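Working notes, structure below.
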Amino acid sequence: MSARLRKLIGLFGIVAFVALYAVVAIAIGERLPDSLWVQTAYFAVAGLAWGIPILPLISWMNRGH
């Protein structure tokens with residue numbers, strides 16, 4: 001598979017994952033208590049945590065230069 005095709009597939013995979021991740025994170029966030037500290041901590045962690053599952057996809061996209 002060519003590098004350009006891998007990157008195109010990865011692009012759509014990342015966009016789809018981030019969109020689904022955002023919907024799930026917001027749905028969970030709506031069910032949290034109405035505490036500013038709880039919501040701030042949750043959304044800070046959720047806002048950064050999306051990158052961890054994406055790393056294998058990015059690695060696959062950049063393989064075989």
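Atoms considered below: every heavy atom in the structure, side chains included; atoms not considered: hydrogens, waters and symmetry mates. Since we're looking at a predicted model, the values are computed, not measured.
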Contacts under 3.5 angstrom, residues 39-54 side chains, donor-acceptor by atom type, not counting sequence neighbours:
| from | atom 1 | to | atom 2 | distance (Å) |
| --- | --- | --- | --- | --- |
| Gln39 | NE2 | Pro33 | O | 3.3 |
| Thr40 | OG1 | Leu36 | O | 2.7 |
| Tyr42 | OH | Ala25 | O | 2.9 |
| Trp50 | NE1 | Gly47 | O | 3.0 |

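Judged by distance alone, the side chain of Arg31 and the main-chain N or O of Ala27 form a donor-acceptor pair under 3.5 Å.
With a 4.5 Å cut-off on side-chain heavy atoms, Ile9 and Met61 do not count as touching.
Two different hydrophobic clusters hold Ile26 and Ile28 under the rule that ILVMFWY side chains link at heavy-atom gaps under 4.5 Å. A continuous path of hydrophobic side-chain contacts links Leu57 to Leu5 [ILVMFWY only; heavy atoms under 4.5 Å].
Here Leu32 contributes atom CG and Glu30 contributes atom CD; the two are 9.5 Å apart, rounded to the nearest 0.5 Å. Atom CG of Asn62 and atom NZ of Lys7 lie 5.0 Å apart (nearest 0.5 Å).
The ring-ring contact (aromatic ring centres under 6.0 Å, His included) test applied to Tyr21 returns Phe17, not counting sequence neighbours.
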